[in-house]
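As the structure lists them, so they are numbered: ligands from 1, and atoms in each ligand from 1. When a residue number appears, it is its place in the shown sequence, counting from 1.
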Amino acid sequence: MRASEFYSERFHEHRPVHTHLPRKARTPLRILKFGGTSVGDASSIEKVVAIIRAAAQESHVAVVVSAMSGVTNKLIEAATHSEAGDYKLASTILEELRKQHEAVASALIHSAMARNCIDRKIQQLFQEADALCQDTILLRESTLRARDSISSLGERLSAPLVAAALAARGGARQSVAPLEIVVPASCPGAAEPVMARTRERCNADVHPLLRQGIVPVLTGFIGATADGVVTTLGRNGSDYSATILGSALDADEVIIWSDVDGVLTVDPRLVSGVRRIPEISYREAAELAYFGAKVLHPKTLRPLIQSGIPIWIRNTFAPERPGTKITPTVSPNGGGVKALTAIADAALITVGGPGMLGVPDVLGRTFKTTAAVQANVLLSSQSSSQNDICLVVSSAVAERTVEALRREFAQDLVHEKAEHITLDPNVAIVALVGENMRGVSGILARTFGALDRDNLNIIAIAQGSSGCSISFVVARKDMKATLTTTHQELQLGAPYPQALPAASD
Ligand code: ADP
Ligand code: ASP
Ligand code: MG
């Protein structure tokens, strides 16, 4: 496949060439990130290799890979069995995973020497996994650090596989650079990068490879403290790795290769008749990701804000299609809502009722309590009398948040018989996202009218002050129907409107 088949001249419009390379070698640098489905089996990895090779004809390329799809889940399952003391179940999972990786290696790599090398690597990583599970069984609990070490093995396996497949088809100019993003010490679970240190490490370990025309294949998802303790960036975090590295390496573009044609008007698994959005702003993409659109990790845009590096979402399985371009700003399309998204596993907590009248500082105490139990409030709304607040949190933290709130207000409500802090565990958040929604009248009226017509009830509503999203709470059983009705009513599946000329005043 030739580069020009799927890299258009648009690429060359952007940003100066890569600043850390000597001027004569200043070829643009692209970060190509491949998700779990893109590296999910041997035939998908073949497609990945073709994409990397084509890109490497045009620019410097650094590759970031996820674990093969499903592998991180299975590794976490093995860790959970180990915590329960069940070595047999844990080792069965590891054995299946080992066979899966060996089968992919044997389908992709034919030279005896290269095969031997990758087999040894696979064997070494599974010995490490086994030792981690055995340690966990001995302790009968796994520390977050041990869990991170086990769950990060998926990327440590897929990166050498992809690099070996690439080397097998493109000569010896590829290498695996097991570069971990530098994170603060003692920060397991969902660590944040220390950009200055990550940049130093990129300068030391990655730039020299790029200068030699080598394609480094880097592990997504993984971080490590400066002294080498492994951690992860949180589930689905390889997108975040790609943009952290894009920023640290001063890349010209980050391209996230996935199994969809780009950012779509809604998750195609939930609604039919969806459409690709050609261009979307950082803010819109961040808002979509925050409200559950799995196509991007919620923090993906953060590292790019200062530099404004463009990011693309493209389809590994249809690389000739243009994808979605995400840039700091986009021209207004006049359409208002661009996309819908939903968080299915949410719970609604209500703090209120007449019994709360006269209770001092309900709002302040409520949010202090949610912060104390580390419950991220996804949406909140409050009645004007200040004694009726509703909060939506993820299902995982709902019970502990309600318990903490009941403790907080126990003394105030000691003589009250009625329940004033209630939990509905079966709700979902649906969000409408679009940068210029505020300027378009009637969006809510149309949406609510259509939902009412289809007997879909809205429990609570909130509008972000940025005007970039409107979110509402519905019963979980109504989530899909709410998305379908709204998508239809707002005609999001219709051909994309032409950009409007800038308004003249
Ligand atoms: P990867 O393995 O490449 O990281 P993910 O499964 O994490 O891929 O994300 C891609 C999935 O995100 C798609 O298959 C799609 O079902 C889902 N998705 C949710 N919302 C959207 C959206 N608005 N546009 C595109 N995909 C979406
Ligand atoms: N492999 C990790 C996960 O499944 C990271 C990723 O795929 O982005 O969460
Ligand atoms: Mg993903």
Taking only heavy atoms of [X] into account, list the atoms of ligand 1 that are under 4.0 Å away from them.
X: T37; answer: 2 (O)
X: K33; answer: 4 (O)
X: V260; answer: 13 (C), 14 (O), 25 (C), 26 (N)
X: G262; answer: 24 (N), 25 (C)
X: V263; answer: 24 (N)
X: R269; answer: 16 (O), 17 (C)

**Request:** With heavy atoms under 4.0 Å as the rule, classify the contact between S238 and ligand 2 as side chain, backbone, both or neither.
**Result:**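 Both parts.
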**For ligand 2, the portion of H297 having any non-hydrogen atom under 4.0 Å away** =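 Answer for H297: neither.
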Regarding [X] and [Y], does a basic nitrogen lie under 4.0 Å from an acidic carboxylate oxygen?
X: D345; Y: R476; result: no
X: E102; Y: K99; result: no
X: E77; Y: K74; result: no
X: R283; Y: E435; result: yes
X: D261; Y: R321; result: yes
X: K338; Y: E279; result: no
X: K33; Y: D239; result: yes

For [atom], what's the nearest protein heavy-atom neighbour? Residue, atom name and distance, please.
atom: atom 12 (O) of ligand 1; answer: V295 N, 3.3 Å
atom: atom 6 (O) of ligand 1; answer: K294 NZ, 3.0 Å
atom: atom 7 (O) of ligand 1; answer: N236 OD1, 3.2 Å
atom: atom 7 (O) of ligand 2; answer: S66 OG, 3.3 Å
atom: atom 4 (O) of ligand 2; answer: R235 NH2, 2.9 Å

If you measure every N/O of [X] against every N/O of ligand 1, is any gap under 3.5 Å?
X: S38; result: no
X: D259; result: yes
X: G36; result: yes
X: L264; result: yes
X: S258; result: yes
X: D267; result: yes

Less than 4.5 Å apart, any side-chain heavy atom of [X] and any of [Y]?
X: I277; Y: T265; answer: yes
X: Q123; Y: R98; answer: no
X: I45; Y: V104; answer: yes

**Request:** For the Mg ion (ligand 3), decide whether S258 has an N, O or S atom at a distance under 2.8 Å.
**Result:**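 No N, O or S atom of S258 is closer than 2.8 Å to the Mg ion (ligand 3), so no.
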**Request:** Kindly indicate, with the supporting measurements, whether the criterion side chain to side chain donor-acceptor pair (under 3.5 Å) is fulfilled by S82 and T136.
**Result:** CA-CA 6 Å; S82 308; T136 304; 5.3 Å; no
**Message:** Using the side-chain contact (heavy atoms from CB on, under 4.5 Å) definition, which of the options D259, V260, N236 pairs with V295?
**Reply:**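 With V295 as partner, D259, V260, N236 yield a single side-chain contact (heavy atoms from CB on, under 4.5 Å), made by V260.
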**Prompt:** Between D267, L270, V430, which is the residue that forms a side-chain contact (heavy atoms from CB on, under 4.5 Å) with K480?
**Reply:**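 Single pass found, and it is L270.
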**Item:** Proximity to ligand 1 by part of I313, non-hydrogen separation under 4.0 Å
**Value:**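 No part of I313 comes within reach of ligand 1.
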**Prompt:** If we only count N/O pairs under 3.5 Å, is T72 in contact with ligand 2?
**Reply:**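 So ligand 2 has an N or O lying under 3.5 Å from an N or O of T72.
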**Request:** Looking only at distances, please establish whether an N/O atom of ligand 2 is found under 3.5 Å from an N/O atom of K33.
**Result:**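 No; every N/O pair is 3.5 Å or more apart.
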**Message:** Below 30° counts as parallel, above 60° as perpendicular, anything between as tilted: where do the rings of Y240 and H297 land?
**Reply:**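 Because their plane-to-plane angle is under 30°, the rings of Y240 and H297 count as parallel.
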**Prompt:** Taking only heavy atoms of E155, which atoms of ligand 2 are found under 4.0 Å from at least one of them?
**Reply:**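 In order of number, 1 (N), 2 (C), 5 (C).
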**Message:** So is G237 touching ligand 2 or not, going by heavy atoms under 4.0 Å?
**Reply:**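 G237 counts as a contact of ligand 2 under the 4.0 Å cut-off.
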**Rounded distance (nearest 0.5 Å) linking atom CE of M68 with atom OG of S44** =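 Going from CE on M68 over to OG on S44, the span is 8.5 Å.
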